[in-house]
Number of protein chains: 2
Amino acid sequence: MQRESDCERIIGTLREHGFRITPQRRRVVEIVCAADGHISAGEIYDDIHARNPQVNISTVYRTLEWLENLGLITRSDLGEGREVYEIATRGKHHHLVCDRCGAIIEVDDSILDGLREILMEKYGFRAEITHLVIHGVCKSCRENDGSP
Amino acid sequence: MQRESDCERIIGTLREHGFRITPQRRRVVEIVCAADGHISAGEIYDDIHARNPQVNISTVYRTLEWLENLGLITRSDLGEGREVYEIATRGKHHHLVCDRCGAIIEVDDSILDGLREILMEKYGFRAEITHLVIHGVCKSCRENDGSP
DNA sequence: TTGCGTGCAAAGCCTTTGCAACGGT
DNA sequence: ACCGTTGCAAAGGCTTTGCACGCAA
């Protein structure tokens with residue numbers, strides 16, 4: 001499957017560039033690749049720590065920082081102190097979250113094209129929106145509730 | 001000026017509702033009103049503490065929470081652990097945050113009109129975006145760096 | 001062997017909380 | 001005088017850092 005090949009590809013890239021592949025680093029890469037979307041440093045640590053209690057959380061943070069600097073994973077700040085990571089190969093996307101039923105809808109990055117243009121034209125601001133979470137009400141909930 | 005009347009209006013509202021107006025609470029309200037836009041809890045504390053060293057930061061946090069619950073101020077999560085407050089009377093707006101120089105640019109809610117339309121048309125999703133923080137690079141940083 | 005990476009412990013930030021004393025009304 | 005508020009201190013959650021040992025290459 002795609003996630004496994006992502007993982008092997010990343011490990012291979014690191015090895016080719018002469019980076020040391022330690023068991024800890026390998027586990028972090030595996031877990032991030034296996035994750036279905038975002039995952040936090042704490043979740044990665046819990047996962048590793050369950051099998052290898054000697055592994056320290058500082059190693060997880062250092063590995064994530066290293067992978068991020070290498071451009072192999074991306075970090076998103078979800079607000080409220082929540083920082084999550086995911087592999088960088090996924091197409092850029094964002095999430096709509098329905099506040100009624102909790103549904104999460106993945107939307108393509110292109111929905112932001114217009115907004116980016118406006119910000120550049122009006123403010124000269126180059127928006128770098130890596131991950132956006134938009135709350136609201138989904139279609140079925142609107143129809144069920146009869147709300148606009 | 002507007003800020004002063006905001007301040008007096010809030011104090012008056014609090015007093016009318018029977019809330020106790022302590023010097024600490026008064027100072028917090030004054031500082032938030034006097035701030036040009038958003039201000040962080042730490043900045044408020046520094047301001048108060050400079051003149052009244054006995055005032056504790058926990059009082060600042062408690063007062064801000066109280067004012068927020070009363071709907072008199074709003075809190076925005078700028079990401080990276082930065083939370084800022086401002087008086088609630090201001091028109092709906094959003095923030096552009098420059099990741100190079102830290103500048104914060106206030107933009108009107110209308111910049112999201114297009115995005116809201118797209119989400120409604122393509123996904124039937126009614127976006128309820130109360131406050132959006134968009135990271136990126138501001139005009140002057142782009143010009144200084146020569147980046148696009 | 002060599003020096004990069006790790007575990008450990010401690011600290012750094014920001015924010016919250018328990019508790020006894022204080023002070024608005 | 002009452003009881004809501006405050007100051008203090010401590011803790012809590014997450015992340016970072018200094019240091020000496022250990023291990024990948």
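Below, chains carry the letters A, B, ... as their sequence lines are ordered, and counting in each starts from 1.
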Distance, rounded to the nearest Å, where [X] contributes [atom1] and [N] contributes [atom2]:
{"X": "B:I11", "N": "C:dT25", "atom1": "CD1", "atom2": "P", "result": "10 Å"}
{"X": "B:W66", "N": "D:dT5", "atom1": "CH2", "atom2": "C1'", "result": "10 Å"}
{"X": "A:E83", "N": "C:dC13", "atom1": "CD", "atom2": "P", "result": "17 Å"}
{"X": "A:Y85", "N": "D:dC14", "atom1": "OH", "atom2": "P", "result": "13 Å"}
{"X": "A:L14", "N": "C:dG5", "atom1": "CG", "atom2": "P", "result": "11 Å"}
{"X": "B:L64", "N": "C:dC14", "atom1": "CG", "atom2": "P", "result": "15 Å"}
{"X": "B:I57", "N": "D:dA10", "atom1": "CD1", "atom2": "P", "result": "17 Å"}
{"X": "B:N52", "N": "C:dG23", "atom1": "CG", "atom2": "C1'", "result": "16 Å"}

(Q) Which heavy atom of B:Q24 sits nearest to which heavy atom of B:T59, and what is that distance? (A)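 What the structure gives for the nearest pair is CB-CG2, 3.9 Å.
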
Q | Check: A:H38/A:E86 side-chain N/O donor and acceptor closer than 3.5 Å | A |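 There is such a pair (donor and acceptor under 3.5 Å, judged by atom type) between the side chains of A:H38 and A:E86.
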
Q. Side chains of B:T13 and B:R9: is there a donor and an acceptor less than 3.5 Å apart?
A. no

Q: Identify whether any heavy atom of B:E65 sits under 4.0 Å from a base atom; if not, whether one sits that close to sugar-phosphate; answer base, sugar-phosphate or nothing.
A: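 Nothing: the residue B:E65, judged by heavy atoms under 4.0 Å, touches no strand.
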
(Q) One thing to verify: whether B:R27 and B:E30 come together as a salt bridge, which I'm taking to mean a side-chain N less than 4.0 angstrom from a carboxylate O. (A)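 Salt bridge present between B:E30 and B:R27.
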
Q) Taking the inter-plane angle between the rings of B:H95 and B:H93 on a 0 to 90° scale, is it parallel (under 30°), tilted (30 to 60°) or perpendicular (over 60°)? A) perpendicular

Ignoring backbone atoms, test whether [X] places a side-chain nitrogen or oxygen under 4.0 Å from the OP1 or OP2 oxygen of [N].
{"X": "A:T59", "N": "C:dT6", "result": "no"}
{"X": "B:Q54", "N": "D:dC8", "result": "no"}
{"X": "B:Q24", "N": "C:dG24", "result": "no"}

Grab the N/O contacts between the protein and nucleotides 23-25 of chain D below 3.5 Å, and write none if there aren't any.
from, atom 1, to, atom 2, distance (Å)
D:dA25, OP1, A:I21, N, 3.1

Q.
Need to verify one output field. Residue with the more 5' nearest nucleotide on DNA chain D, B:S58 or B:R25?
A.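 Its nearest nucleotide lies further toward 5', so the answer is B:R25.
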
Q: Please report the C-alpha distance between B:K139 and B:I105 in whole Å, then the side-chain angles of each, then the deciding distance to 0.1 Å, and finally whether the side-chain contact (heavy atoms from CB on, under 4.5 Å) criterion is met.
A: CA-CA 11 Å; B:K139 188 173 185 178; B:I105 302 155; over 6 Å; no

